[in-house]
Amino acid sequence: MTATTETVVTPDVETDEDVDLETPWQVIVYDDPVNLMGYVTFVFRRIFGYSEEKATRLMLEVHETGKSVVWTGSRERAELYVQQLHSHQLQATMSRCD
Amino acid sequence: MRLRILKDGSWELARMRDVEFYFLRQIRSAADSGDCDGARKRLFPESATAAGETTEGVSEDGTRDWRELVVPELTELFRDAVSRVEEDLEGVEIEEGKGGGRTYRLRIPAEHAEQWYSALNQGRLVLAERFNLPMSEADFVGGNDIMDERWLAFAQSNVYAFIQSFLLETVMESPG
């Protein structure tokens, strides 16, 4: 009897570096001279459900550095948050995370 | 002007002078960004992404949807807030003072507080853009008499901010 070997062909799988799987988006709030600091904290708690401490920390970052990334996640949710921030008259944008 | 919260949860503006009541009655014109491009862009951003940024990942359809759907919603929201203030102002009581002067008193339901805050904020944002207002009196450069339009706008903005601070600290419910 002759022994046979089975040849298994493994396809040469190439990864497509252009495939973008759920790159997260970030929501950025900008400082402005009109909105009261307490109001900014209030809005962060209202929209994102943050604790007083976290909302205050983000507000201070906005105030002291000019802007802060306040949330990161899906594009659809980021759009909703930006819209809600605009409805509270805060300056906000969204962008892809680097 | 005196601000206080009442036992039933409503809040009261009392002892308002003529000029302070006048400033409140001017809320619609104060909040009108129509002829002020900077104010209009500030209140009604036409995109969720920053102006000038590449719109990678945001299709033209997405930008158009934002302009056609979100901006009108914001417009209506802000207009309703201004209308709320105007409606509440119709309930003002005039009190004649002994010396011939008069003051104004207004009681407002607690549930109107956030719309008042929004309308007053619109007014301050538009006034700041239109008149290039500083945030403190120390930084104010220019005429400081009642005949100076910019000084009046600055005083008006300060009255609005005074009421906003009260609403934020005393009336508006803390989230969570």
For chain A, which candidate among [options] shows the most heavy-atom pairs at distances under 4.5 Å?
| options | value |
| --- | --- |
| B:Glu73, B:Glu169, B:Glu114 | B:Glu114 |
| B:Asn121, B:Leu167, B:Val70, B:Leu74 | B:Asn121 |
| B:Leu43, B:Leu127, B:Leu125 | B:Leu125 |
| B:Ala128, B:Ser118, B:Ala161 | B:Ser118 |

Practice task
Determine the interplanar angle of the A:Phe48 and A:Tyr50 rings, folded into 0 to 90°, and report it as parallel if under 30°, tilted if 30 to 60°, perpendicular if over 60°.
Solution key: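 The arrangement is parallel - the two ring planes meet at less than 30°.
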Exercise for the section: Give the ring-plane orientation class for B:Trp66 versus A:His86, where under 30° counts as parallel, over 60° as perpendicular and anything between as tilted. Expected result: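 If you compare the ring of B:Trp66 with that of A:His86, the planes turn out perpendicular.
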Practice task
Report the C-alpha separation of A:Tyr30 and A:Thr93 in whole Å, then their side-chain angles, then the decisive distance to 0.1 Å, and conclude whether the side-chain hydrogen bond (donor to acceptor under 3.5 Å, both in side chains) test is met.
Solution key: CA-CA 8 Å; A:Tyr30 299 87; A:Thr93 62; 3.0 Å; yes
Problem - Ion pair A:Arg75/A:Glu79, N-O distance below 4.0 Å - result: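 Counted as a salt bridge, because a side-chain N and a carboxylate O are separated by less than 4.0 Å.
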Problem - Side chain, backbone, both or neither of B:Ser157 within contact of chain A (heavy atoms, under 4.5 Å) - result: neither
Practice task
Can you tell which part of B:Phe44 gets under 4.5 Å to a heavy atom of chain A, answering side chain, backbone, both or neither?
Solution key: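 The answer is neither part of B:Phe44.
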Exercise for the section: Select one option (side chain, backbone, both, neither) describing which atoms of A:Ile47 are under 4.5 Å from chain B's heavy atoms. Expected result: neither
Handout entry: Distance flag, aromatic centroids of A:Trp71 and A:Trp25, threshold under 6.0 Å
Key = no
Practice task
Give a yes-or-no answer on whether the side chains of A:Gln26 and A:Arg96 include a donor-acceptor pair shorter than 3.5 Å.
Solution key: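 No, no side-chain donor-acceptor contact under 3.5 Å.
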